Structure formats: C-alpha cells, structure tokens
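Being a predicted model, the structure only gives us computed values, none of them experimental.
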Amino acid sequence: MGRSGLSWTLPDHPKLPKGKPVAVVVLDGWGEANADQYNCIHVAQTPVMDSLKNGAPEKWRLVKAHGTAVGLPSDDDMGNSEVGHNALGAGRIFAQGAKLVDQALASGKIYEGDGFNYIKESFENGTLHLIGLLSDGGVHSRLDQLQLLLKGASERGAKRIRVHILTDGRDVLDGSSVGFVETLENDLSELRGKGVDAQIASGGGRMYVTMDRYENDWDVVKRGWDAQVLGEAPYKFKSALEAVKTLRAQPNANDQYLPPFVIVDDSGKPVGPVLDGDAVVTINFRADRMVMLAKALEYADFDKFDRVRVPKIRYAGMLQYDGELKLPSIYLVSPPEIDRTSGEYLVKNGIRTFACRQSCVIETVKFGHVTFFWNGNRSGYFDESKEEYVEVPSDSGITFNVAPKMKALEIAEKARDALLSGKFDQVRVNLPNGDMVGHTGDIEATVVACKVADEAVKIILDAVEQVGGIYLVTADHGNAEDMVKRNKSGKPLLDKNGGIQILTSHTLQPVPVAIGGPGLHPGVKFRTDIQTPGLANVAATVMNLHGFEAPSDYETTLIEVADN
C-alpha cells in the first residue's frame, strides 16, 4: 500500500502478456491535416510514418490533442507540449493552467486566496508589478486574464500598477504585438481616469528577454531583470507603443526577439523599476518559461547572474510553476494536482524506464517533456534504481531552421541503445523537430525537420524489431502539418504584399497514434467505440501494452484484443 492507503499494484491484463519492451515515441508538433504545399509532413519524405498510416489501418488512428481533451477551456484553444505530455502521462484530463485561472477569475476566488492577500499588503504604499507575455495565444498567457487581474487588483486597493510586457510572435502572428499594446494602453488609460497610476514600464521579445527555460541561457533572464527590476535597458522610450513600433522597424526585427526597453518619464527616469515594498506577480500560467525568473525573484541564495540590487518584495506567481521545488512558494491560483501518473504506476510495478530528451543553449527544446510534464509536473525520479533520464545537448548559437536536424538522430540512437541493452522495459523519447523548426516559420527547413524525425523513428522501430518489442508512436499537438494562416474557407491568407501569412504557432489538428512491433499480440487493434478519444487515452493503452490493466479512473484504453 502507498500513500493514503492507495494500492499501487496494477492488475494483470487478461489477454496481453508482460515482458515485452515498449518504445513510446512522441513526435513533437506532428498533426494530421489536408495535404498541400504548406503541410510540411506531407511534402517531406516520411516513408516510415507513411507506412504506419497506410500499412495497417486497424493499428493507426487519430486522437484529439487540443482544447477540452487536454484540460483547456475550449476547443478554440490550441494544445501545447505541457498539457499534451501531462495528458499522455496522467491518463486523465485535468483542468489546466488557463482553465484554472479562468475559473478563479470568474468566481472571484483568486482575490480570496492567501496569494492575493499576501501581495495586497503592498498596495497601500508600494507598486504592483505584473510581468508576463502580452498575447492572446493561450499557450503561456492570455490578454483577457491580464485585463481582469488589472481590474480586480485596482478595485481592491492597488493604487500604483506597472506592467512589464513580453511580446510574442510565436504563438500568435508576428506583428500582433502592436495591437496588444494598443489594447493594454487603452485599459491603463481608463484606470488612470479612475485615479490609479497605471502604465507599462518595460518590455522585450519573449525569446530574448525573460522567457528562457530549463536554465539554458541565464542572459535572457538577466536582460529581463535589468529592465524590469533595475529599470535599465539599451533602449528608452516615452511609450510602449512607440517602443514596439520603432524596434519592429529595425532590419530583421520580429516580436519574439525584440530587444529590452524601458519606459521613461520626461526627465528620462524609468517609470517602473521594482523597489523595496513592491509586489510582483508573474502572470503566465504555463510553468516552463517562468521558472527561471521565479528563482531570480524568490531565492535569496542566487548565483546565476549578478542581480545588482535585490529589492525586498512580495512575489507571487499566477500559479506554482514547479511543485517539486515549491516554486514560487506563494501563488494566486492553485495548480492541478496531477497524481498517480502512468509513469509512477509502471515504475512501482517493476517497469524499468528510460527517457531521453534534448536540451540546448538558445532555447531549451523538449528537456522536461517526457519526464517533468509526463510525470505530472514533477521533477526527479520516482525510483532511481529503475529509471534513467538522459539529456542530449544541442549545438549552441544555431537557430533551428539553420540546423533543422537538431539532435533527433542522436536521441533515436540513445533509444536504440537502451532497447538493445535489455536493461529497460519502456523507452520513451520526444523528437522535437517538427515543433521547434515549425515555430521558426521556415517551410523548407520544417520539411527537412520532418524528414529527419521520420528517420529517427526508423532507428527506434528497427531496434524494436530486433528485440521483439512493441512500439507506440504518437504526438503531443500539431504544428508542422500546417504552416500558413487560413481564412474561414481554408484558403491561405495573404499579407499586404501578396505573400502568404506564415503560421508559426501550434494548430487545432488531431495527432496520430500508431502501434505495432513483433511483440504486439496479433489480436490487438484499435477500438472503434470511443466517441472522441484524446491524448489522455494513451496512458491506459501503454499500460495494456506492458501487460497491465489501467486504474479504473483512467481514460479508457484505445485498444482491444480480438478473440481470434
């Protein structure tokens, strides 16, 4: 018996044997869409994935990877790697960041909790600083939530508010920053009309300022710290609108990589550095790109860069970004409590697990996806004697469209070696190419990325064949399958010069699940009686492939075993 009297013992599957090694391959950003020139998966040479789709139709199907299927508020919300891997690993659908914040704002509970009451102590004599991504992309943050928080805080005593914006251009169209700034400036103007001293204090592009992840490039966070906390940046402007328009006019500028700027008053003084007695809230609901800033804001013993000045502040996250690190220790909205993940169950039932991911210096790729997110936003091992997590470092200083192969083949080789070693019962990998290169908007490079991901799948499946194992190949969300913005009839949207509008974000498309391998029971096939299967159905499926029945509250398995 485990915690709270819970039994971790999984019942044996009545028809499926134990003991076959299982490879779980997650293709990042690999959805299913109509075949055209903007579908990089279709354009690319992908003979392995094509053979899975066309060779055995009863062993290939599509599942939902966005919206309510992964715990997001509506089916207009695109999936992402965090919620996708949460669902894949947890086997159940948990209300996710955006949805939790929506519920807390709608009910007013966000203003009743310990977190808000903590920051509220600064309202009388200090400034409330809100730092985060200014976007309606719904992947890391949402503009409407910032608007509601501004309104709610000002109604509850915040007299002086400073917003530190990070421009997007990744989960939304490049150039949309101008419109978002205009909207925010209008809201702040209305607050000023009500006697609240509210304005934008600093800014910068998300990939160059603040939003690094997994401790790959602390300079990104330092640039943000200097602008947001110290009020120092290479560019100074009287307004954020002027800042964004001016910086976007520079050669090769885009929203993701705008340099840091601060807003100054008529005497040239920054309008909103963070000072002793102030409150700071990081408004993003997604964890991975807020953890590093949270460490800089919260940790007294911090040595990643020279903070120069460390103001005594009251800091809260929109959510807690790392449950294992308890970071931040104070937050406005409680996170989903994802317990009893499939990874924990399988390890506790003797399944020796190998997981491999890639990390890099400019932009961490998918470091935590098959570990941290898969395991319910939990760092570390469940049982170090039965698990091995391996990181393949990326080349530093090279953008993904310049090197679209990334480290997919190296990841696949690690997976192959793990399978051939005989030391592991499950080998789990994330191949990041389709998503990471897709985000650059470079169609030719994304085609190369998809081809290489397919080659990586072949390396792993060949090893599965050698060891008599089983494979399950799937994806966490769409991206590379549609690289163009479309109108309501599905036709590509054009810009003012007649060129196509490139889509750099995730999509709302379903993703494939394919099963096979010499170790797969010959009677196994996909069920046809599940109305709208999603990523959360994969966990029970993987448990079955290991010879176990899933817990009764898991989303149902995708497979059945024919008696003949």
Side-chain angles (χ1 to χ4, degrees), residues 21-30 65 70 79-91 213-214 216 286-288 322 324 338 341-347 351-360 363-384 386-394 406-419 424-436 453 456-457 459-461 463-464 469-477 479 511-514 535-536 538-539 541-543 545-546:
V22 177
V24 180
V25 181
V26 181
L27 290 158
D28 217 285
W30 192 287
V70 288
N80 62 61
S81 297
E82 177 182 6
V83 299
H85 284 81
N86 277 171
L88 285 166
R213 60 180 174 185
Y214 307 128
N216 283 282
R286 179 164 160 175
D288 56 348
D322 190 326
E324 193 78 4
I338 301 178
T341 62
S342 60
E344 187 168 12
Y345 266 114
L346 289 169
V347 166
I351 297 300
R352 300 162 302 167
T353 303
F354 175 91
C356 185
R357 69 272 179 159
Q358 177 176 350
S359 75
C360 102
E363 128 89 311
T364 293
V365 184
K366 299 291 168 185
F367 189 134
H369 293 33
V370 289
T371 53
F372 180 80
F373 293 150
W374 192 281
N375 292 336
N377 304 334
R378 180 187 187 281
S379 303
Y381 295 103
F382 295 114
D383 181 346
E384 198 165 353
K386 294 191 180 73
E387 296 172 277
E388 184 177 337
Y389 297 163
V390 170
E391 171 188 341
V392 177
S394 288
M406 301 180 64
K407 296 295 181 182
L409 300 180
E410 288 87 341
I411 291 169
E413 287 161 0
K414 297 277 189 192
R416 175 198 64 199
D417 294 347
L419 284 162
F424 301 100
D425 305 297
Q426 182 181 111
V427 171
R428 189 168 69 232
V429 299
N430 175 291
L431 300 172
N433 308 55
D435 192 44
M436 292 294 97
V457 173
I459 291 170
I460 298 168
L461 266 48
V464 169
I470 302 168
Y471 61 77
L472 182 146
V473 180
T474 188
D476 57 348
H477 55 75
N479 185 335
V511 300
V513 182
L535 291 179
V538 169
T541 309
V542 171
M543 287 176 159
L545 297 178
H546 280 293

For residues [X] and [Y], determine if any side-chain heavy atom of one lies less than 4.5 Å from a side-chain heavy atom of the other.
X	Y	value
P512	W30	yes
V542	R428	no
E387	V347	yes
Y471	V22	no
N375	E344	no

Check each of [options] against [X] using the side-chain contact (heavy atoms from CB on, under 4.5 Å) test, and report the only one that passes.
X	options	result
L535	V70, N86, V83	V70
V464	I470, V427, L419	L419
V473	I460, L461, L431	L461

What's the separation between atom [atom1] in [X] and atom [atom2] in [Y], rounded to the nearest 0.5 Å?
X	Y	atom1	atom2	answer
H477	E82	NE2	CD	11.0 Å
D425	L545	CG	CG	13.0 Å
L88	T341	CG	OG1	12.0 Å
L346	D383	CG	CG	13.0 Å
R357	K414	CZ	NZ	11.5 Å
R352	F424	CZ	CZ	8.0 Å

Residue pair [X] / [Y]: nearest heavy atoms and the distance that separates them:
X	Y	answer
D28	D476	OD2-OD2, 2.7 Å
S342	G89	OG-O, 2.6 Å
M406	P432	CE-CG, 3.8 Å
V370	C356	CG2-O, 3.5 Å
S81	F373	O-CD1, 4.0 Å
A456	L409	N-CD2, 3.9 Å

Using side chain to side chain donor-acceptor pair (under 3.5 Å), reason through S394 and Q358 one step at a time and then give a plain yes or no. CA-CA 7 Å; S394 288; Q358 177 176 350; 2.2 Å; yes
Can you list the steps and then say if W374 with N430 is a side-chain contact (heavy atoms from CB on, under 4.5 Å)? CA-CA 11 Å; W374 192 281; N430 175 291; over 6 Å; no
Side chain Y381, main chain Y389, donor-acceptor under 3.5 Å: yes
Is a donor on one side and an acceptor on the other found under 3.5 Å between the side chain of T353 and the backbone of I351? yes
